[in-house]
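Just below is one structure, and these are the notes that go with it.
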Amino acid sequence: MNRLSLLAAASVLLGGVALNAADASVQSARFNPLRVALVASSNQSSFLGAVDVEITNTSSRNVRVPAWELPAQYLQSDLFSVTRDGREVAYEGPMIKRGLPQAADFVILRPGQTYRTRVDLSAFYDLGSTGEYTVTFKAPLQHASLSGGEMLMAANGLPMLAQSAALKLWVDGIDQLGGSRTLAARSKPSTGATVVNGVSYKSCSTTQINTAGSAVNAARTYSENAKGYLNGGTVGARYTTWFGSYTSSRYSTARQHFVNIDSAMDQNAGQVTINCGCNQSYYAYVYPTRPYEIFVCKAFWSAPLTGTDSKGGTLIHEMSHFNVTAGTDDHVYGQTGAKNLAASNPDQALDNADNHEYFAENTPSQN
């Protein structure tokens with residue numbers, strides 16, 4: 001029997017955020033209407049780390065939230081901060097590049113309504129070691145809005161956060177259980193692939209192999225160019241637009257990220273794998289602990305080869321997610337969000353996959 005003891009549980013309602021007077025084109029809510037409560041699940045017979053999440057709309061108006069920004073039994077993004085003994089625990093679920101949400105993608109929370117779900121954290125985070133874990137639900141509300149159309153954005157133009165108070169819990173990990181439990185998120189990649197020009201392809205037709213091969217070449221050109229820019233020590237508009245104000249430490253981090261990405265893209269022994277088996281509407285996804293397999297989806301095939309949100313750029317985005325390259329997250333999506341992030345939080349921009357993609361695509365061109 002797994003043992004998980006609750007040490008603390010609470011909820012937090014995020015307070016007032018003023019409108020950004022400088023941006024009259026986007027109407028924003030003045031406060032965050034979502035209250036998040038996080039508690040340890042009462043049913044621990046099957047899970048190493050199950051938590052129950054409750055998100056309540058405290059406002060008098062409907063709130064529209066993309067489904068992937070809400071917790072679910074199967075997480076679609078990294079929505080939790082999980083640490084053990086003060087050290088961050090690896091997220092092992094999918095990291096997905098998406099386009100703009102469509103009407104069917106939204107969950108609508110009515111006034112006073114509470115969204116409830118249970119999440120088995122062990123399927124998406126490395127809870128293999130026994131110890132005390134601290135868990136916080138912390139999700140940026142990108143594209144979330146009130147019924148009147150006001151976006152849930154802070155004054156700096158970035159998304160508000162749906163955030164809980166920290167929950168401390170004890171987990172008897174698989175090291176206690178003899179390592180017998182197999183976690184879904186850590187399953188080994190499927191075998192069987194076609195290797196063409198040093199790239200492995202899974203579940204791909206001949207046409208898809210040809211198209212994806214061109215995308216790999218475009219991504220290699222992008223990563224080589226980005227690496228060369230940073231190795232040259234240039235600090236122009238291209239750098240500051242996507243990574244913010246200069247410090248030697250941040251610049252060194254960006255440079256190392258692209259050294260790693262370029263090295264990974266240039267591998268010529270079948271390690272880079274393009275998996276065409278995804279039928280979802282988004283661009284692509286990866287598992288950050290499983291280099292270098294990239295699952296390409298419907299939006300990938302309709303994207304341009306190069307330019308903004310291109311096939312080549314998508315591969316840069318996804319390659320940056322792997323822990324062995326840059327370990328980026330998806331704090332914001334889109335050029336506007338990425339620019340706002342660079343201006344207001346350069347450290348987070350260095351941890352955002354779209355900022356890396358747009359820096360590499362460099363569209364429109366900047367020096």
Checklist line | Evaluation steps, side chain to side chain donor-acceptor pair (under 3.5 Å), between Ser310 and Glu361 | finding: CA-CA 8 Å; Ser310 62; Glu361 289 173 337; 3.0 Å; yes
Notebook entry, point to check: Any donor-acceptor pair under 3.5 Å linking the side chain of Ser200 with the backbone of Gly270?
Noted result: yes
Next item on the list: Check the angle between the aromatic planes of Tyr251 and Tyr239 and answer parallel, tilted or perpendicular using the 30° and 60° thresholds.
Entry: tilted
Check: Between Glu150 and Arg61, does a side chain to side chain contact (heavy atoms under 4.5 Å, CB included) hold up when you go through it step by step?
Finding: CA-CA 11 Å; Glu150 298 94 331; Arg61 300 162 69 182; 2.7 Å; yes
Notebook entry, point to check: Thr56 versus Tyr115: any side-chain heavy-atom pair under 4.5 Å?
Noted result: no
Notebook entry, point to check: Given Arg35 and Thr58, is the side chain to side chain donor-acceptor pair (under 3.5 Å) satisfied, shown in steps?
Noted result: CA-CA 7 Å; Arg35 183 181 65 216; Thr58 66; over 6 Å; no
Item checked: Under 3.5 Å: donor-acceptor pair, side chain of Thr211, backbone of Gln208 -> no
Notebook entry, point to check: Would a distance-only check, ignoring hydrogens and angles, find a side-chain to backbone donor-acceptor pair under 3.5 Å from Asp354 to Gly334?
Noted result: yes
Checklist line | Full working for side chain to side chain contact (heavy atoms under 4.5 Å, CB included) between Leu158 and Leu341 | finding: CA-CA 7 Å; Leu158 296 179; Leu341 189 63; 3.8 Å; yes
Checklist line | In one Ile/Leu/Val/Met/Phe/Trp/Tyr side-chain cluster, 4.5 Å: Val107, Trp68 | finding: no
Note to self: Once rounded to the nearest 0.5 Å, what's the spacing between atom CG of Asn323 and atom CG of Asn260?
What the structure shows: 11.5 Å
Next item on the list: Can you see which heavy atom on Lys97 is nearest to which on Tyr358, and at what distance?
Entry: NZ-OH, 4.4 Å
Margin query: With a sphere of 6.0 Å drawn around CD of Gln366, does it hold more than 12 non-hydrogen atoms of other residues, nucleotides or ligands?
Written below: yes
Note to self: Please evaluate residues Gln73 and Arg118 with respect to the criterion side chain to side chain contact (heavy atoms under 4.5 Å, CB included), reporting the C-alpha separation (whole Å), side-chain torsions for both, the decisive distance (0.1 Å), and the verdict.
What the structure shows: CA-CA 6 Å; Gln73 289 184 337; Arg118 176 168 296 164; 5.6 Å; no
Check: Taking atom types as modelled and ignoring hydrogens, do the side chains of Ser245 and Arg250 form a donor-acceptor contact shorter than 3.5 angstrom?
Finding: yes
Notebook entry, point to check: Same hydrophobic cluster for Tyr74 and Leu121, using side-chain heavy-atom links shorter than 4.5 Å among ILVMFWY?
Noted result: yes
Checklist line | Sidechain-backbone polar pair: Gln335 side chain, Thr363 backbone, donor-acceptor under 3.5 Å | finding: yes
Note to self: With clusters defined by side-chain heavy atoms of hydrophobic residues (ILVMFWY) lying less than 4.5 Å apart, directly or transitively, does Met319 cluster with Tyr283?
What the structure shows: no
Notebook entry, point to check: Counting only heavy atoms not in Arg64, do more than 12 fall under 6.0 Å of its CZ?
Noted result: no
Notebook entry, point to check: Can you tell me if Ser223 and Asp262 form a side-chain donor-acceptor pair at under 3.5 Å?
Noted result: yes
Note to self: Can you tell me if Asn268 has over 12 outside heavy atoms packed within less than 6.0 Å of its CG?
What the structure shows: yes
Item checked: Closest heavy-atom pair and its distance - Ile316, Glu357 -> CG2-CA, 4.2 Å
Check: How many angstroms lie between CZ in Phe300 and OG1 in Thr314, if you round to the nearest 0.5 Å?
Finding: 6.5 Å
Note to self: In terms of relative ring orientation, are Phe359 and Tyr229 parallel, tilted or perpendicular, with 30° and 60° separating the classes?
What the structure shows: perpendicular
Item checked: Cation-pi, Phe322 ring and Arg290 (6.0 angstrom, 45 degrees) -> no
Margin query: His317 vs His356, test: ring-ring contact (aromatic ring centres under 6.0 Å, His included). Steps then yes/no.
Written below: CA-CA 6 Å; His317 175 114; His356 288 72; 9.2 Å; no
Notebook entry, point to check: Is the CG atom of Asn367 crowded by more than 12 outside heavy atoms at less than 6.0 Å?
Noted result: no
Note to self: Pair Thr328, Ser320 - check side chain to side chain donor-acceptor pair (under 3.5 Å), show working.
What the structure shows: CA-CA 6 Å; Thr328 60; Ser320 78; 2.8 Å; yes
Next item on the list: To the nearest 0.5 Å, tell me how far Ser281 OG sits from Asp105 CG.
Entry: 6.0 Å
Next item on the list: Measure from the side-chain N and O atoms of Thr234 to the backbone N and O of Gly236, and report whether any donor-acceptor pair falls under 3.5 Å.
Entry: no
Check: Which atom names give the shortest non-hydrogen contact between Tyr292 and Gln267, and what distance separates them?
Finding: CE1-NE2, 2.9 Å
Notebook entry, point to check: Parallel, tilted or perpendicular: which describes the rings of Tyr285 and Tyr282, with under 30° parallel and over 60° perpendicular?
Noted result: perpendicular
Check: Counting distance only, does the side-chain N/O of Ser252 pair as donor-acceptor with the main-chain N or O of Ser249 below 3.5 Å?
Finding: no
Check: Is there a donor-acceptor contact under 3.5 Å from the side chain of Asp329 to the main chain of His331?
Finding: no
Notebook entry, point to check: Does any non-hydrogen side-chain atom of Asn355 lie less than 4.5 Å from one of Phe243?
Noted result: yes
Item checked: Exam field: side chain Lys298 to backbone Gln280, donor-acceptor pair closer than 3.5 Å -> no
Margin query: Between Val36 and Gln163, is the side chain to side chain contact (heavy atoms under 4.5 Å, CB included) condition met? List the steps.
Written below: CA-CA 6 Å; Val36 185; Gln163 184 171 344; 5.9 Å; no
Next item on the list: Take Phe80 and Tyr91 through the ring-ring contact (aromatic ring centres under 6.0 Å, His included) test and state the conclusion after the steps.
Entry: CA-CA 9 Å; Phe80 293 83; Tyr91 170 71; 9.4 Å; no
Margin query: Donor-acceptor pair, distance only, cut-off 3.5 Å: does the side chain of Asn57 make one with the backbone of Leu109?
Written below: yes
Margin query: Are Val259 and Leu230 linked, directly or through intermediate hydrophobic residues, by side-chain heavy-atom contacts shorter than 4.5 Å (ILVMFWY only)?
Written below: no
Item checked: Considering all heavy atoms, the nearest Gln142-Pro159 contact -> CG-CG, 3.5 Å
Margin query: Under 3.5 Å, is there a donor on one side chain and an acceptor on the other for Glu293 and Asn275?
Written below: yes
Item checked: Nearest heavy atoms of Leu127 and Gly49, plus distance in Å -> CD1-CA, 4.0 Å
Note to self: Let me confirm one number: the CG-CG distance from Leu167 to Leu38, rounded to the nearest 0.5 Å.
What the structure shows: 4.5 Å
Check: How far does CG of Leu34 sit from CG of Leu152, to the nearest 0.5 angstrom?
Finding: 6.5 Å
Margin query: Testing the 3.5 Å rule here: is there a donor-acceptor pair between the side chains of Asn352 and Gln348?
Written below: no
Checklist line | Phe258 six-ring face occupied by Lys227 cation (under 6.0 Å, within 45°) | finding: no
Margin query: Membership question, hydrophobic clusters at under 4.5 Å side-chain separation (ILVMFWY): are Ile294 and Val196 in the same one?
Written below: yes
Item checked: Side chain to side chain, Met95 and Asp78, heavy atoms closer than 4.5 Å -> yes
Check: Stepwise, does the side chain to side chain donor-acceptor pair (under 3.5 Å) test hold for His321 with Asp330?
Finding: CA-CA 9 Å; His321 278 317; Asp330 287 317; 3.3 Å; yes
Item checked: Euclidean distance, Phe124 CZ relative to Leu75 CG, rounded to 0.5 Å -> 4.5 Å
Check: Distance-only, no hydrogens or angles: does the Asn32 side chain make a donor-acceptor pair with backbone N or O of Leu161 under 3.5 Å?
Finding: yes
Next item on the list: Would you name the heavy atoms of Gln102 and Leu100 that are closest together and state the gap between them?
Entry: NE2-O, 3.1 Å
